[in-house]
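Residue numbers start from 1 in every chain, and the chains themselves are labelled A, B, ... in the order their sequence lines are given, proteins ahead of strands.
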Number of protein chains: 2
Amino acid sequence: MVKVPRGPTRDVIVKAAISLFNTKGYDGTSIRDIAAEAKVNAANIAYYFRNKQGLLEYCLTSFYEIYIEELEKGYSLLDKGAEFCLKNIVERLLRYQCEHPQLTRLILREMSIDSQMVREIMSTYLVKERYYFRKVLEKGIEANEFRRHSVPYSILQIKGLLSMPFLNTQYVSEVLYVFPHEKYFADKYTSEIHRWINAVLCKEHNGNREHLMLL
Amino acid sequence: MVKVPRGPTRDVIVKAAISLFNTKGYDGTSIRDIAAEAKVNAANIAYYFRNKQGLLEYCLTSFYEIYIEELEKGYSLLDKGAEFCLKNIVERLLRYQCEHPQLTRLILREMSIDSQMVREIMSTYLVKERYYFRKVLEKGIEANEFRRHSVPYSILQIKGLLSMPFLNTQYVSEVLYVFPHEKYFADKYTSEIHRWINAVLCKEHNGNREHLMLL
DNA sequence: AGAGGAGAATTTGTCGTTATTTTTATAGAG
DNA sequence: CTCTATAAAAATAACGACAAATTCTCCTCT
């Protein structure tokens with residue numbers, strides 16, 4: 001965990017860094033770029049975050065701290081039923097990701113690189129994430145709410161459904177064209193994933209067969 | 001399209017480049033890295049591919065040429081029904097991607113960066129890809145095979161399902177643990193997506209409600 | 001006055017690229 | 001078959017640009 005001095009300059013730097021990492025990639029962004037974008041001196045970044053890697057670590061951890069908190073809030077509802085719990089988790093995570101689309105995209109991308117650095121930073125969070133998902137799905141099968149299915153595969157699918165909209169702007173732009181108000185996107189997309197949960201995971205379910213048309 | 005001299009050295013370079021781009025990212029890989037990995041001199045890369053970007057272009061286009069060909073082969077079966085056609089497309093694309101996991105991952109990652117370069121190289125192929133998917137889905141709705149649904153959203157989902165396994169090795173490793181023989185992964189995963197097509201897209205369908213359990 | 005935050009300059013290293021040279025392969029003439 | 005002219009392929013060396021990190025200097029508060 002990175003310990004970082006506080007101050008208004010710090011937040012300006014973080015904001016600029018996230019934006020640039022997002023559009024140009026971590027390796028493609030220089031400290032000078034960030035300094036220019038944030039309108040601060042390059043040496044300040046070293047002061048606040050020790051070095052470039054420290055800045056990235058701070059961005060990632062500060063995001064995932066909250067992300068896992070949201071996940072845990074949803075998970076705490078497991079006693080109200082696996083389906084309800086899973087849908088709540090999906091809603092929370094999606095809303096949070098929609099509030100931080102740049103970071104979400106950045107993480108998805110940098111995670112796919114074999115740099116030990118990002119892997120190490122994230123691995124703790126990812127283990128937790130998978131753990132909670134697995135518990136919910138297993139509980140659902142146990143409680144006869146969900147059909148028997150391959151849990152790791154379903155986790156992979158859920159994670160994919162949650163990640164997709166942030167990964168490829170080309171495809172998302174088409175969806176956003178259909179859902180023009182971005183602020184409603186989280187809600188709309190949440191309900192789409194809920195329909196997926198109904199159709200693929202749940203056993204026979206009232207309303208399961210309703211039309212998928214949203215337009 | 002890039003015109004590139006032939007020769008055994010060229011293929012060695014391409015192989016090394018794909019491997020390194022995949023693990024370290026395009027910006028994170030230097031021409032010297034590639035040269036070292038391929039055990040050739042750095043200047044040869046410039047000789048063969050003009051410059052670093054030329055090398056990337058060659059990697060991407062040579063992949064996507066075949067990718068689109070496979071897509072078109074599947075699309076040509078549209079008169080045999082939208083469901084059949086879509087499943088065939090999925091099977092082809094997934095098999096092809098499984099044969100080139102590194103390139104698939106590389107493309108997914110670099111596409112998500114706002115570099116005009118990659119975007120420009122890929123845009124033609126992506127337009128074609130979306131066009132074919134859209135046609136198949138619209139045909140399916142028209143022919144009353146598929147339920148009415150949001151086509152752009154479904155394309156996003158299909159594309160996501162196809163991309164997921166290559167994006168995040170952490171999650172995939174769990175799936176591969178379940179399906180230990182990698183060569184069968186394409187088949188297994190294809191059948192999972194087929195089940196998705198049945199559950200989410202198709203109207204009432206015999207065998208639709210069978211268990212999803214694969215183990 | 002002194003501590004700590006911010007800017008400037010310097011150092012060191014690496015990047016992509018190019019210009020040039022050396023080696024290898026190919027083909028034609030004697 | 002040999003020798004040489006010619007082109008292709010590969011290796012070498014070096015340039016200019018810019019990156020990150022470090023150090024030094026200046027400024028501003030209490």
Check your understanding: Whole Å only: how far is the OH atom of A/Tyr47 from the C1' atom of C/dA3?
Key -> 11 Å
Review point. Step by step, would you call B/Tyr153 with A/Tyr189 a ring pair (Phe, Tyr, Trp, His ring centres under 6.0 Å)?
Key: CA-CA 9 Å; B/Tyr153 173 81; A/Tyr189 197 79; 5.6 Å; yes
Exercise for review: Mind checking the CD-NE2 spacing from A/Gln157 to A/His149? Nearest 0.5 Å is all I need.
Suggested key: 9.5 Å
Practice item. Measure the CG-CZ distance between B/Leu55 and B/Arg50 for me, rounded to the nearest 0.5 Å. Key: 12.0 Å
Point to revise | Nearest-Å distance for atom pair CD1/P, residues A/Ile45 and D/dA20 | key: 9 Å
Review item, nucleotides 23-30 of chain D N/O atoms under 3.5 Å of protein N/O:
none

Exercise for review: Report the distance from atom OH of A/Tyr48 to atom P of C/dG5, rounded to the nearest whole Å.
Suggested key: 7 Å
Please output the side-chain donor-acceptor pairs of residues 91-98 of chain A that fall under 3.5 Å, not counting sequence neighbours, one pair per line with the distance.
{"residue": "A/Arg92", "atom": "NE", "partner": "A/Asn88", "partner atom": "OD1", "Å": "2.8"}
{"residue": "A/Arg92", "atom": "NH1", "partner": "A/Glu70", "partner atom": "OE1", "Å": "3.1"}
{"residue": "A/Tyr96", "atom": "OH", "partner": "A/Phe63", "partner atom": "O", "Å": "3.0"}
{"residue": "A/Gln97", "atom": "NE2", "partner": "A/Leu162", "partner atom": "O", "Å": "3.0"}

Exercise for review: Given side-chain contact (heavy atoms from CB on, under 4.5 Å), test B/Ile107 with B/Tyr64 step by step and report yes or no.
Suggested key: CA-CA 10 Å; B/Ile107 289 170; B/Tyr64 251 80; 3.5 Å; yes
Exercise for review: Might you work through the side-chain contact (heavy atoms from CB on, under 4.5 Å) test for B/Thr104 and B/Ser163, ending with a clear yes or no?
Suggested key: CA-CA 8 Å; B/Thr104 304; B/Ser163 308; over 6 Å; no
Practice item. Using the side-chain contact (heavy atoms from CB on, under 4.5 Å) rule, take A/Ile141 and A/Glu138 through it: C-alpha gap first, then chi angles, then the decisive distance, then the call. Key: CA-CA 5 Å; A/Ile141 294 175; A/Glu138 284 172 355; 5.8 Å; no
Check your understanding: Within this structure, what is the CG-to-P distance between A/Asn44 and D/dT22, rounded to whole angstrom?
Key -> 15 Å
Check your understanding: Whole Å only: how far is the CZ atom of B/Arg50 from the P atom of C/dG16?
Key -> 15 Å
Review point. Listed by chain and number, what are the side chain to side chain contact (heavy atoms under 4.5 Å, CB included) partners of A/Glu72, not counting sequence neighbours?
Key: A/Ile68, A/Tyr132
Review point. Checking B/Lys52 against B/Tyr26: charged group under 6.0 Å from the ring centre and within 45 degrees of the axis?
Key: yes
Exercise for review: Enumerate the residue pairs fulfilling ring pair (Phe, Tyr, Trp, His ring centres under 6.0 Å) with a member in residues 103-123 of chain A, sequence neighbours excluded, ordered by first and then second residue.
Suggested key: none
Revision key, fill the gap. Per the under-4.0 Å heavy-atom filter, residues of residues 24-41 of chain A near DNA chain D come out as A/Thr29, A/Ser30, A/Ile31, A/Arg32
Point to revise | Rounded distance (Å) that lies between atom P of C/dT18 and atom CZ of B/Phe49 | key: 16 Å
Identify the pairs formed between an N or O of the protein and an N or O of nucleotides 22-24 of chain C at a distance under 3.5 Å, and give each distance.
none

Check your understanding: When the distance from CG of A/Leu55 to P of D/dA21 is rounded to whole Å, what number comes out?
Key -> 11 Å
Check your understanding: What is the minimum heavy-atom distance between B/Asn22 and B/Leu106, and which atoms define it?
Key -> OD1-N, 4.3 Å
